[in-house]
> 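Before I ask anything, let me first share the structure, which is written out below as structure tokens.
Each chain gets a letter, A, B and so on, in the order the sequences are listed, and its residues count up from 1.
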Amino acid sequence: MTYFKLSMRNAGRQARDYLVYFVTMVLAAALIFAFNALAVSGEVLALTEILENFSLIIVLASVAVVCVFGWLAAYSTRFMLSRRSRELGIYLLSGLTGRQVARLFFLENLAVGAVALVLGAGLGGLLYQVMRAIVMAMFAQPYRFALEFSLAALGRTALCFALIYLFALGRSRRHIRRMKIYDLIYFERQNEGAILQKGKTRRLVFGMSLVLGAVGTCLLMRKSLYIAPAGAFCAILALFGFFLSFASGVPAFFERRPARKYRGQTLLVFRGLTAKLASMGVLMAVLSIVFTATLISEGSSSVLYGIMKGRTAEATCFDLYIGIEGETPDPGPYLTYIGKNIPVEQERPYPVYLTGKTQVQDHLGKMYYNYSCDSDPVLCWSDYAALRAIAGYPAVEPPGPGQFPIHSMTYLEEALRDYQGTILVGETALTPGGIYTEHLSQSYGTANGRGYILVVPDQAAEGLPVHHIAYAAKTARPVTTAQYEAVADLARAERDRQEDPSGYVFVLSKAYEETEVAAQAVVGCFPLYYLALALMMTAVTILTIRQLSETEHYRSQFALLRKLGMDRREMARTLGRQFALYYTLPTVPAVLIAGSFIVHLAMMPEPGVMVGWNSPAVIVMISLGAFFLIYAIYILLAYISLKRNVLASAR
Amino acid sequence: MLQVQNIEKYYGSKNNVTKALNRVSFDVADGEFLVIMGASGSGKTTLLNCISTIDTVSAGKILMDGEDVAGLSEDALAKFRRERLGFVFQDFNLLDTLTVEENIGLALSLNHADAQTVQNRVREVAEKLGITEILSKFPYQVSGGQKQRTACARAIVAGQSLLLADEPTGALDSKASKNLLEIISTMNRDMRTTILMVTHDAYSASYAGRVLFLKDGRVFNELLRGDRGRSVFYHEILDVLAALGGDVSDVL
């Protein structure tokens, strides 16, 4: 038996005993590999110039991810050390030096890490294909499965893993060498006690933690980068205070209420929980902070994507849109360029008028966001009908005599339905005649109104002041970046030519905007999800390791309960309740803090952007859904394992 | 071989000191079988831990062949444990990933003994202890008595001269206990292994040549077996134990 053989055998046992940790490390390697493979993929980087920094951003995200998984590895090896301290003590007593034992442990963990790296890289290859398919779909490019293996990604993953393990094993090596043989052999006799013993202190800390939590959440929701860190600090303090006082406060709560203590399985459930929490208060607080960070990362990522999608959806209803404002708005140069260079199926240059009155604007009042028109904007019916055809919307019946339909963004729809007043357009009096809410480029100053536009008969619009000239087209092929840039250059030249360049030209190309959004989503959201997944997996793995490490304790406890006459169904229920409470506790503050933060964040953009699938409620639901889906997988695996080991033996 | 000189061991903090050992002194001769007895909390395991270098003394000296074990460097201490000390615990402390054979030969092989020497030594010791047939089994596949014999084999396989045993029969039934005690006696008698055993069981102690009684961290009494039979010695031990339940003046 050599060091190597013994280390390998111990490595095998470690992978079995701490399967959850091993699986997480495999997934960690897969995650690091997949994201890095994406970041170095020539195919992906060639999609647009905006992705040129993607590789650097993934490197930076990988640094954060290495720190997160490094913490997991350090915590888990330290935990394994404590659980196997007696075994290490025996090695020392058998005549091995601390150095030799440390080397043995080092080799064992290195072997586990190497296997996780190999398996993870293989799995990462598949994950990369999934992510590649997602990216290609985002860029509306065809995806073809191709067996490819990125050596650069493997190199990066190996480097990350080396850092993760060297950090963790360096710490455990120092720890082993410092530990005395007595501490190792009699480690199990060392007690862990509640940190806050005095009831008065406990109540004070508990009360303060609730206040700090509320203050921290409020500060986090302020729109200030300077105040947010103070909010985060308060929230962190609140979590520590809560878990330290909660863990030691529950026994006191039940001591004062013996009737509740002996009701049903409360005694078993609360004793089991507090025994664990008494020694895990600080850890629970840290895990709750990690869960909060996970949800905030996930939610911020969804909000970011929602903002981009929301804004783009409104801006990309036409293949090409130009809004020309200024002293002498002239679509001539643009039309000339387009005529020569961009094949067009349908097009329409048209004016956007103003009524000169603010009746509808006044009705909308505070709801109306940052208007840039001096009065209610107007389109004439024939232009509107043409625009609908260009955008590919079904044709609508012309309004009845004396009526004006409104085309608006969805967020104004309800308020506009309440508008029943008569408007005077020139000499014509018109009453409301229905609302349409498809996207119609309505979120910019030189667009089809800002949020809404009144559609009036052509005759009524004659003689109205023109706010700007617009142009919308359906092109035969998507507008290329070069074509878009050329039109944008014309706009810049027009602007420079003006004496008072207060008005501006707005150029929107569906293809360009969608590419930009896809690129921004890849650059901004992917790293956030990468980090969120790493945080999530780390925290839930630590929770599960702690839970499963007590299998033996549970087994003997339930065997005893069985002997005392406890029904198997009741035992399963008790175990389930203990389990549910244990896993629920650290997520409650996380959901409250992060949920409020995400809702607030999602409400920050201008109205009309975060609607439908991007609405704050949906984003919170999706963030929580994704979070609890992964959480549930770990919980389910842990529960099945514990139930099988604990209840099966208690026959 | 072993000299324990005025050793003291304190636990706890400044305001709450527990004196586990209080000026304990005795010698152990080469090839002797010494048992330390006492009630729970009398300090017998602490004493054994101090001698085995698992724990350190607060005051006094422990000399092995004239050398103070407290003054040994990390490497020298490891060598001392490897070559001179064997330890048997009440709960066996075998490594469950290793077979019986590997458990016995572990320390030898990790210290670079060649494979043939390891195998030969393991077989030799296993034969003496009657566990040859279970060498290829894992600890969970063998009985408690066999596990403890494996632990004994591990404790002497490298030619260790001092075997320290902490309640070695504590987890065994009476038949396995008797079997193990016979083996320990044989190791002492035929292999000249010096044995220092801690127990609270008078029957186990009756196998020894000398019994030291500890009470409240001090040596309370000493019994020598001499030429007397084990049965007589056993009753003498019981008498001292009966007195041990009272005050020192009941015995002196």
> So do B/Phe89 and A/Leu93 actually touch side chain to side chain, heavy atoms under 4.5 Å?
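Yes. Closest side-chain heavy atoms under 4.5 Å.
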> Does the side chain of B/Asp91 reach to within under 4.5 Å of the side chain of A/Arg86, using non-hydrogen atoms?
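Side chain of B/Asp91 against side chain of A/Arg86, heavy atoms only: contact under 4.5 Å found.
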> Salt bridge between B/Asp75 and A/Arg99, side-chain N to carboxylate O under 4.0 Å?
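Between A/Arg99 and B/Asp75 there is a salt bridge, with a charged N closer than 4.0 Å to a carboxylate O.
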> Can you check whether B/Arg81 reaches A/Ile181 side chain to side chain, under 4.5 Å on heavy atoms?
yes
> With a cut-off of 6.0 Å (strictly less than), are more than 12 heavy atoms of other residues, nucleotides or ligands near NE2 of A/His175?
yes
> For the atom pair CD1 (B/Ile54) and OH (A/Tyr182), what is the distance rounded to the nearest 0.5 Å?
9.5 Å
> Does some side-chain heavy atom of B/Arg154 sit less than 4.5 Å from a side-chain heavy atom of A/Ile90?
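Yes, side chains in contact.
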> So do the side chains of B/Leu95 and A/Tyr91 get within less than 4.5 Å of each other, counting heavy atoms only?
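They are in side-chain contact.
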